[in-house]
Each structure stands twice: as structure tokens, then as C-alpha cells.
Engineer: 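Please read through the structure below; I'll follow up with questions.
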Amino acid sequence: MTVDWTSLEEKWRQRWCVEKQFESDPDTKKKFFVTVAYPYPNSPQHIGHGRTYTLADVHARFMRMMGYNVLFPMGFHYTGTPILGMARRVQENDKELIETFRTLYKVPEENIREFSEPIKIADYFHQEIKAGMIEMGYSIDWRREFTTIDPVYNKFIEWQFRKLKEKNLVIQGTHPVGWCPRDQNPVSQHDTLGDVEPSFTEYTIIKFRYDRYILPTATLRPETIFGVTNLWINPNVIYEIVEVDNESWIVSSECATKLEFLNKKIAKTGKIIGKDLVGKKVKVPERNEEVFVLPATFVKSENGTGIVMSVPAHAPFDYQALEDLKKNVSQYPDLALIVDIKPISIIETEGYGEVPAQDIVKNFQIGDQNNPRLDEATKELYSREFYGGKLKKNTGKFAKKVVSEAKEEVKKWILASGNADILYELNESPVRCRCGAKCVVKLLDNQWFLNYSDPEWKQKTHSWINEMRILPEEIRNEFNNVVDWLRERACARQHGLGTKLPWDKNWIIESLSDSVIYMAYYIIAKYVNSKEITSDNISNTFFDYVFLGEGEPRKISSECKIKPEVLEKIKDEFQYFYPVNARHSGRDLVPNHLTFFIFNHLAIFPRKYWPEEIVVNGSVMMEGKKMSKSMGNIIPLRDAIRTHGADSIRLAILISAELLQDADFNQEAVRGIRNKLENMLDECTKYKPLKNIDLQQEDRWLQSRLQQLIAKTTFSMQKMRLREALHHVLYEFETDLQWYLKRAMAKKRTDFSGILHEIFSARVAMMSPFVPYVSEEMWSGLANPGLASKTVWPIAIESKIDFQSIQSENLLKLTLDDIKKIIKVTRISPKKIIVYTATPWKVKAYHEILSKVMAGEVNIGALIKSLIADKDIEEIKKDPDFVKKTVNDILSESQEESESKNKVELIDERKVLSELDSLIQSEFGIPVQVFSESDQDKYDPKNKARTARPYKPAILIE
RNA sequence: GCGGGAGUUGCCAAGCCUGGUCAAAGGCGCAGGGCUUAGGACCCUGUCUUUUAGGAGUUCGUGGGUUCAAAUCCCACCUCCCGCACCA
């Protein structure tokens, strides 16, 4: 059967839309508010995006069927810089980008022409993404749609920031960033050529005084100031004399540039060549000693200040350079004294002698200062000393401290005395901006931060994280870790789309900061879209009233020109729908958005509006590979819908992995799924809701299994283990169905349509959240009333489970399996099959043993002793092996299984096994005979009957 | 460096939280059969070793341990993957 998926989906989509099935307003039912991170419209959405949204939609649809008034809205995040960058590239006629628009994104030519305007890009992809969401069948209430540059949204974000500022959570400070001097803008990884992360390291500048000058050196190891024996300078480099904040520094010209961006007032007043400084003596700060400035070729003008402080005891470079110099002392007649310079050891580390640098240089067989292995040696020694070293007593008050701690303390100490400063150095240089300019580290003044370091705020967030529902559970700990290492976060930047900082209009609120409490705005958006409120009238007091219940409604309604009843309605609606019951997002947002989301809700809203649950999902792989533009394996969602149909895609991305795992999307699987759905749809047209017939054993069994299926599936759904739930409904139950049909067919029954109708109706209902379109089609195929999407989720009724029939069918299945196994192993073609059930005393004994084992008694001897006390079963003396085997039988089955056996009376095996006849007849075409072990006139030529045990009949095949 | 996660039978991948139904789901691949002019699709059967009586043996990264019982719990080790900020 071929299904026209496109028109099938269109048909039901129309119906949902016309009947406004997914628009929700406050009513008397319990509400469920589910949200997903809104998309950033700078490209069409692909299958990877589809996963999070589909997950949320399944959640929404499930909760709707569970009887909740579900609100599932969607917005669009225009805030940010990437779209701005794209627009600029279009202006510059960037071939590559335009080609991407054309061929990959299939943007019409007339739209591309407009893309030099950022908003046009956002608008275009906004509509594209929205269309995809509708086609995917997401049950979204579109009346609440908005973008983050809507004027009322701006007012809302202003309100958010004023609130944060009132609570002193927005602070101002100075902050180093990677910076492009040409663009006058911070650079991040995707702003650089080759996507290099512009990371940098903080160095301590130590000021050595020479005459009226300062020779600054940059170091990562300020604690080694106690071991300085000399400075190194490159004799061939021309240094700059620079006035820096009323001091005269001598630094390389590269260093002078760096200092400028670190907000130093710089004036270049002269030049001096390195060799003119060789042999001069400088004062070591805090030590009241003088050391020589010596020449070294390893000193590079682009690193640090271009001058290096020398600690030969602990720095392999310094040690080697000093050795080299001593060897060539004849070249420096004025420096004869240097042969007396001895390394000053200040750190002791296990495994190293008095002069660790000497040890390691020998070990590495360095030879001279240009040996590239010096880097390696430096790294090793640094790390050994950092973690294992202790300062010696020649370091004064820092003695006995471990290096890792002393380092910071020494730095603070020298900084406090004015003999030190801070320098930032890019780790990998040069880093080039996309524009081609060399990046630097800039100290940004008066930057605005959200103070995620605030201990009280952190504490509050921790304790809420430990209370809220987080799925999957493994991720909870990760949230706590994020909270721990989160620091101040810059929350405003100077370019991009977004909302201006209300008290400082030079700044635009950054995109990860204007997207943390917007779920509340979905309530407002409905009234903005219906034009009941406009941006002109909205003020802070409006939000205070709606969200916090603060203020005088009459005053506010006149101030904001909102009818009092509308104001009241909005507030009531907010109070009805808030808090967010479930927030969905990909796991990449855990260390940022999701954590900020919690932080900000806790700061702004009262406890009753804090988010209740977060659901995190993994990403999607394409045919086992990571999706990426360069691999060319990004499939736009709408393309995929056209080829596979929405339902198949939904199922494919949900069934291939559990929540946090990466799901794999592959053509093969999608085809298989579509086939399965088509077969099932076909099946659904066959069964009619016939009135009840005389229920037979297998009917009762199938109905019981259905109850168990419903219970299991519901349990999985509630934990958002969707893969597991699907597995139950789609695949696991198939085995039961096959068995049922086998039984029914063997008995040549024709009256089971009604039973299967009942079964399929329940299954279709449970499939409906996952594959909403085809479920509607199946639902109507089954001639059920109404919509599958709006039907109630099946409820498992324990009393409907007939454990007797479950045990009976199990026995049948196991016996049939055993017969098949015997036939397989013996390779005989059976002519006669005889089955023997256990003798009554064994049945009684089994029952005894079962209840004893369930009570914890597993000792065979003790069991036998208590059993022979019973006259009915004293025969057990003759067959002690029976006890052992029975105990093993019981122990090797599940607790659940044993409990269910313990719960019901033992089944009448003889009666149950008489049902074998039809099965054996249809499978092997021969009859089956059933005896009891205790029958006097039984046919038992091979004396098999005596091996029979309850649930394990003896079998003879001839 | 800090933090998180994973290693399962030819491959992908469940199971692990809550130990026993686990020789271990499902899919792919492979083998046989059905359907078909043939192929594809689809359906059935099989797919660790061994076994002419429903059994036995050896497996879940490696090595220990706890337990009547370990893929599952504990400890150590090895290997691999991901995130680390002004970026959505």
C-alpha cells in the first residue's frame, strides 16, 4: 500500500488549524507550560534542530492527552551578532556565503538581494523555520509568537535588567577580551581567520629599576622573584623608552602596542638598543639587591615586554643561557664577574636536587639555549614545581608554602607595593580577525556584567537545582558544576541586534542575557499580537503588576492606557500559566543558557514561579557522522519532510537514542520506519469495534498484556524515556500480537476483530504524540470518534490483568519452545508428541517452595526438612533433586515473575496444555497427547513422566 | 589544567540507576526459505561454541573485590569522546 504522506499530513494539519486545537487559554483544568529554546534565524533549521522541538512537542502532546491544559508557544531570537556579520558579508558580495544561500538554503534570488539588511535575513529564516515547525506537526499556539526585537519585548528586557540592577546583580568592571583594532570590536572564535579561539594568559609584570628607568619583565612565575640572578635582554633589538603612567619604561615596541590596549597612557620618548643596556645593574624589587642585565638571543621582542627576568635555578632557559654566557665570557670583557653568578634555589621539589633546572637540562641533553627541547624541559619542570614544589626559607614569609598557592599570594604582594603590573598575552599569535587585522588583548573599561559570582545567588541556584526535576538525572551534577565555575558574565556589547541597556544606551544587551526569562513574555505576546497592548503604553509598572502583582492596578491601567479588565486578564493568565513546567533544550545549552535561565528566574521571580523541570537532549548525527557544513551533510528539515514525511522523521530521531545520547539519522532507518507505519495504517482499517464475544484464554491474555503495555509505556513517558516508550508500543508488543494471531489462527477463529480493535486503538493513542499525522489517519481508520491528538491517554487498570492467563500462555509458549528445541537437537521428524504434567504432590510442593523462597529461604536441606513434615508431599524424600531444581527455577526467574506466580493459584496445567493441540497441529500436523505424571494408564515407554515439574512439563517425542 | 561522558556479542546500539526473566532487545550485515521472469522491496527462519532430548561451556575495555548470584554494585588501571565564556 502506498501512502501519499504529503496530502495525508496536509489534511490533518488543516483540521488542527481550523479547529484551533492547540491554542490554549486559562481554564479550569490543570495547566502544563512547556517551552523550548527559541531558534536563532540565521539559517533554515535542519534535522538536528528538529530533535529538541520534536521532543518538546511529544511532551506537550502527551501531557495534553493526560488531561492537562497544555501551552506550547514559540518565539524567535533575533538578538546577536552573527546575522549582522552575515549582512556585512552580503554587502561585501561574499561569494561563498551567497552560494550557500542559493544552493544549500535555496533562498530565492530576490530575497538574497535584500540580505544586506540584517533584519531581512532574520525575517526570511524566521518564516522558513516557522513553516518547517508547522509542517513537522508541532502543536504550537502561534498566537503567542514574537521576536526579540519587537518593541514590547524590548520594554520587557529593560524591565528585566532594571530588576537585576536593583538587586545589585548587574555590576560594572574592567575585563580583558580578544580584540580587533580595526573593527573596534571584541573577537570570538568565529570572528577569526581559521576559527582560532583568541585565548590569552595573564602575566605578571615585575618592575626592575635602573636609574630613572624601569625595565619591566613579564612572567608566569612571580614567586621566582626570590631567585632572580640577572635580567636577559636581546642585544640586537631596539627598545622603546615609553612614558607609562608617569614612569619611564624600557620595552620592545611590540610591548608598547600591547600596553596601549591595556588602557595605559603611552608616550614614546626615545629608543635604545639592547646592547647599550647590557652590563647595567638593576634593582630587584622587594629584595634590595642589584643584578646585571645580560645578553641572550632567546629573548624575543614579541614575547612579553622583550626583557626577561632570569631564574637559573628553576628555569631551564635561564640556566642554559647563563651557562652559554659563562663559556663565552671572553667576548664580554666588562662582564668578567658573571662567572661568579650562582643560581639561587628557592623551591624544593621531590626528585630534583639543589638546582632543578640544571638537573633537567642535563637530563634532556640540551647543550645550548637554541635547543628546541628547552620548551619541553620548561613545561615539565614548571608543572612538577607547580604541583609538588614548596618554597624554601629564603622566600621570607612565603617559606614552606606550596608553589600553586604561593604564586597568587606573591603576585598580590608585589602588586600592592606598586612594583608589579598585569600584562595579557595571546596564547597563539598571531590571531587574525576575519577582516585580516592582527588581534590584541584589550582591557574593556566599564563593561557591564551579570554577577554570577555572587555567593548568595550561587547558593540559591544550587539549592533549587537540587530540588527541581532534571532529566536525565545524570545532568543534574553538571548543572551544579556550571554554577560553581560560573563567573561574572559580560551582558552587553556594542554591536548587534537587541535591546539597549536602559541606563546606558551605548550598550546592547547581549543575546544570552535577553533570553533567560522570556517564557513569561509568551503571556504578553498574545495581547501584543491582538493589539490590545502596544509598546507606547507599556511601562515598568505594567510588568511589575503582571509578573509580581505589585502596584496599584487602577493607576497602572490609566498610565499604560490599558483597560482595567484587560490588565487583570493578563495578570490572571500569567498567574495561571506560570511557572514553566518543562523547559527543553539541547545539551550544548547546559553550561550557558539553561543555567542562566535558572539563575535569572530565581533572582527576579518569587519562588512559586521558579521553573519546575529541565529536559536535556543530545544531538543528531547524520549516517553516523557529525553534521557539519564542510561535510555537506546538513539536511534542511523541510527538504527531509518532503522526502520522508514528518511522522517518519519524528520517529526516526526519537527512536534511535535515549535522551542524552546522540541520535543517528539514517535513510535506511527512516525507510524502515515509514514502512512500518504504512503497514500499521493498513492494519488499522481491518478491525471494527465489534460487540463483545465470548472471551477465550488468549483474548484475556492479550488484554492483560495490553494493560501491562500501557503501564510500562506510561511510566517511560513520564520519565521522558521516549525511545523506551516507543519501543514498547511499536516493537515489543508486536511479539505478543504475533503470538496471539498464531493462537487464534491455529484455532481457526474469525471472531477476534473486536479484540484487535481495542488493542490497536490503545496503541494508536499512545503513538499519537510521536506520529501525530498518521495516528489521526489510523484513528479514523479504526472508526474512532474525535481526534487522536485530543483523546485521553490510555489508563492501565491493574485489576484487568489476569495473572492466571499470563501464566497459562507462558506455559504454552515455554512448552512449545522446549518441543521445538528437542526436535532441533535430535533432528527427528516427529510423529507423536506426548506431554506430562507434574503429579499433584509436586504441585503442592512447588507452592510451598515458592512461598518459602520468596520469604528468603534458599537452603535446600532446610527446605526438604520442612517439606517432608507434610504428609501430602512426603514423597519428596524419594526425589530430593526436585527441590534443588525447583529452587533454581524460581531463583533464575525475575522477582516480578515469581511474585505473579505466588499471587495466583497454580494453574491447571493439564487444561492449559490441551490448548497445545491446535498449535502443534498447525505447526507439525500431528496431534498431541497430555497426561499427568500420576495417570495410571498413561503412555510412557521411556519413563519420561517422572521428570515433570510444575511449569516444566515432561515431553516425549517419537 | 578544570569539568562531564563512554567502552557490550561482525557493525550500530539497548540493558547498568532498581544484581537473578541475560547468550544479552532492536536495527544493519550475513546464511537459508517464501514471494517474484529476475532484481529490489516485503515476509519467515537462523546467526558465540558445543550438543541426536529440552542441556552444557565461554563472553559484556583490563585486573581485583562484594554476593548464593555481576554486563549490572565497589576499587584500581587502560583507551576514546565532548564542553570551558562574551559565542548563538
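Sequence lines set the chain letters: A, B, ... in the order given, protein chains first and strands last, and positions in each chain run from 1.
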Engineer: Closest heavy-atom contact between Phe161(A) and Cys491(A)?
Structural biologist: CE2-SG, 3.7 Å
Engineer: So what does Ile823(A) touch, heavy atoms closer than 4.0 Å: a base, only the sugar-phosphate, or nothing?
Structural biologist: nothing
Engineer: Rounding to an integer number of Å, can you tell me how far Glu683(A) CD sits from rC43(B) P?
Structural biologist: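 Between P of rC43(B) and CD of Glu683(A): 12 Å.
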Engineer: Look at all strands and tell whether Pro953(A) reaches a base, only sugar-phosphate, or nothing, counting heavy atoms closer than 4.0 Å.
Structural biologist: base
Engineer: Take atom P in rA14(B) and the same atom in rU8(B), then report the distance between them in whole Å.
Structural biologist: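 About 11 Å, rounded to a whole number of Å.
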Engineer: Under a 3.5 Å limit for both distances, which nucleotide forms a Watson-Crick or G-U wobble pair with rU59(B), could you say?
Structural biologist: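 Its partner is none (no Watson-Crick or G-U wobble pair with both distances under 3.5 Å).
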Engineer: Report the distance from atom NZ of Lys820(A) to atom C1' of rU45(B), rounded to the nearest whole Å.
Structural biologist: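 Atom-to-atom, Lys820(A) to rU45(B), this comes out as 10 Å.
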Engineer: If you measure from the C1' atom in rC48(B) to the same atom in rG10(B), how many Å do you get, rounded?
Structural biologist: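 Approximately 11 Å lies between the C1' atom of rC48(B) and that of rG10(B).
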Engineer: Could you tell me how far apart Leu726(A) (CG) and rG26(B) (P) are, to the nearest whole angstrom?
Structural biologist: 16 Å
Engineer: Distance check, C1' atoms only: rU51(B) and rC42(B), in whole angstrom units.
Structural biologist: 35 Å
Engineer: Which one is paired to rC80(B), where only Watson-Crick or G-U wobble pairs with both distances under 3.5 angstrom count?
Structural biologist: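 Looking at the geometry, rC80(B) pairs with rG5(B).
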Engineer: Please report the distance, rounded to the nearest Å, between CD in Glu478(A) and P in rA6(B).
Structural biologist: 11 Å
Engineer: For RNA chain B, whose closest nucleotide is more 5', that of Lys952(A) or that of His593(A)?
Structural biologist: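 This one resolves to Lys952(A).
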Engineer: From the list rA88(B), rC86(B), rU18(B), which nucleotide is the closest neighbour of the side chain of Ser511(A)?
Structural biologist: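 Side chain of Ser511(A) sits closest to rA88(B).
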Engineer: Partner of rG54(B) by Watson-Crick or G-U wobble geometry, both contacts under 3.5 Å, or none?
Structural biologist: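 Pair assignment: rG54(B) / none.
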Engineer: Which value, in whole Å, describes the distance between the P atoms of nucleotides rA38(B) and rA53(B)?
Structural biologist: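 My reading of the P atoms in rA38(B) and rA53(B) gives 40 Å.
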Engineer: Rounded to whole angstrom, note down the P distance from rA6(B) over to rC16(B).
Structural biologist: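 These two P atoms come out 13 Å apart once rounded.
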Engineer: Looking only at the side chain of Lys944(A) (C-beta and beyond, no hydrogens), which of the listed nucleotides rC86(B), rA53(B), rG4(B) gets closest?
Structural biologist: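 Looking only at side-chain atoms, Lys944(A) lies closest to rA53(B).
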Engineer: Return the nearest nucleotide to the side chain of Trp485(A); candidates are rA85(B), rU18(B), rA88(B).
Structural biologist: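 Of the candidates, rA85(B) comes closest.
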Engineer: Over all strands shown, is Ile475(A) touching base, sugar-phosphate only, or nothing at heavy-atom distances under 4.0 angstrom?
Structural biologist: nothing
Engineer: Taking only the side-chain heavy atoms of His77(A) (C-beta and beyond), determine which of rA88(B), rG54(B), rC86(B) contains the nearest atom.
Structural biologist: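 That would be rA88(B).
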Engineer: Quick one: does Asp818(A) reach the base of rG54(B) with a side-chain donor-acceptor pair under 3.5 Å?
Structural biologist: yes
Engineer: Indicate, with a heavy-atom threshold strictly under 4.0 Å, whether Val187(A) touches base, sugar-phosphate, or nothing.
Structural biologist: sugar-phosphate
Engineer: Taking the six-membered ring for Trp, are Phe125(A) and Phe76(A) closer than 6.0 Å centroid to centroid?
Structural biologist: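 When the ring centroids of Phe125(A) and Phe76(A) are compared, they turn out to be at least 6.0 Å apart.
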Engineer: Between Asn480(A) and His462(A), is there a side-chain donor-acceptor contact under 3.5 Å, judged purely by atom types and distance?
Structural biologist: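 Yes, side-chain donor-acceptor contact under 3.5 Å.
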Engineer: Is the terminal nitrogen or CZ of Arg583(A) (NZ for Lys, CZ for Arg) located under 6.0 angstrom from the six-membered ring centre of Phe597(A) and within 45° of that ring's axis?
Structural biologist: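 Relative to the ring axis of Phe597(A), which defines the angle, Arg583(A) lies inside both limits.
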Engineer: What's the gap between rG15(B) and rC30(B) when it is taken at their P atoms, as a whole Å value?
Structural biologist: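 One P to the other, the span is 28 Å.
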Engineer: Counting side-chain heavy atoms from C-beta on, which of rA88(B), rA85(B), rA25(B) comes nearest to Leu486(A)?
Structural biologist: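 Of the options given, the side chain of Leu486(A) lies nearest rA85(B).
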Engineer: Ring of Trp507(A), cation from Lys500(A) - is the NZ or CZ under 6.0 Å from the centre and inside 45° of the axis?
Structural biologist: no
Engineer: What is the pairing partner of rA85(B), taking Watson-Crick or G-U wobble pairs with both distances under 3.5 Å in any strand?
Structural biologist: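 In the structure as shown, rA85(B) has no Watson-Crick or wobble partner.
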Engineer: Using atom CD1 of Ile470(A) as one end and atom P of rC17(B) as the other, report the distance to the nearest whole Å.
Structural biologist: 22 Å
Engineer: Going by distance alone, is a donor N or O of one side chain under 3.5 Å from an acceptor N or O of the other, for His77(A) and Asp514(A)?
Structural biologist: yes
Engineer: What is the separation between atom CG on Leu722(A) and atom P on rA14(B), rounded to the nearest whole Å?
Structural biologist: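 Distance, rounded to whole Å: 15 Å.
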Engineer: When the C1' atoms of rC81(B) and rG26(B) are considered, how many whole Å apart are they?
Structural biologist: 25 Å
Engineer: With RNA chain B as reference, determine whether Thr947(A) or Asp588(A) sits nearer its 5' end, using the nearest nucleotide of each.
Structural biologist: Thr947(A)
Engineer: Can you tell me which nucleotide in rA85(B), rA88(B), rA14(B) comes closest to the side chain of Arg489(A)?
Structural biologist: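 From the listed options, rA85(B) comes nearest.
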Engineer: Before we go on, tell me: are the rings of Phe599(A) and Tyr452(A) under 6.0 Å apart, centre to centre?
Structural biologist: yes
Engineer: Heavy atoms only, 4.0 Å cut-off, all strands: where does Ile655(A) land among base, sugar-phosphate and nothing?
Structural biologist: nothing
Engineer: Considering every strand shown, what is the Watson-Crick or G-U wobble mate of rG39(B) when both distances are under 3.5 Å?
Structural biologist: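 In the structure as shown, rG39(B) has no Watson-Crick or wobble partner.
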Engineer: Tell me which nucleotide among rG83(B), rC86(B), rA53(B) gets nearest to the side chain of His175(A).
Structural biologist: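 The closest nucleotide is rC86(B).
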Engineer: Given atom CZ of Arg721(A) and atom C1' of rG15(B), what is their separation to the nearest angstrom?
Structural biologist: 11 Å
Engineer: Once you round it to whole Å, what is the distance between P of rC42(B) and CE of Met680(A)?
Structural biologist: 18 Å
Engineer: For the residue pair Glu678(A) and Trp5(A), confirm or rule out a side-chain donor-acceptor distance under 3.5 Å.
Structural biologist: yes
Engineer: Nearest of rA25(B), rA88(B), rA85(B) to any side-chain atom of Asn592(A)?
Structural biologist: rA88(B)
Engineer: Please measure how far the P atom in rA70(B) lies from the corresponding atom in rG63(B), and state the result in whole Å.
Structural biologist: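 My reading of the P atoms in rA70(B) and rG63(B) gives 16 Å.
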Engineer: Quick check for you: among rC86(B), rA88(B), rU18(B), whose closest atom lies nearest to any side-chain atom of Phe449(A)?
Structural biologist: rC86(B)
Engineer: Phosphate oxygens OP1/OP2 of rG4(B): is one of them under 4.0 Å from a side-chain N or O of Asn481(A)?
Structural biologist: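 Affirmative; the distance criterion is met.
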Engineer: Return the pairing partner of rG29(B) with a 3.5 Å limit on both distances, Watson-Crick or G-U wobble; otherwise return none.
Structural biologist: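 The answer is rU47(B), by the H-bond criterion.
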Engineer: State, to 0.1 Å, how close Pro39(A) and Gly75(A) come at their nearest heavy-atom pair, and which atoms those are.
Structural biologist: CD-O, 3.3 Å
Engineer: Below the 4.0 Å mark, does rC86(B) have OP1 or OP2 next to a side-chain nitrogen or oxygen of Ser513(A)?
Structural biologist: no
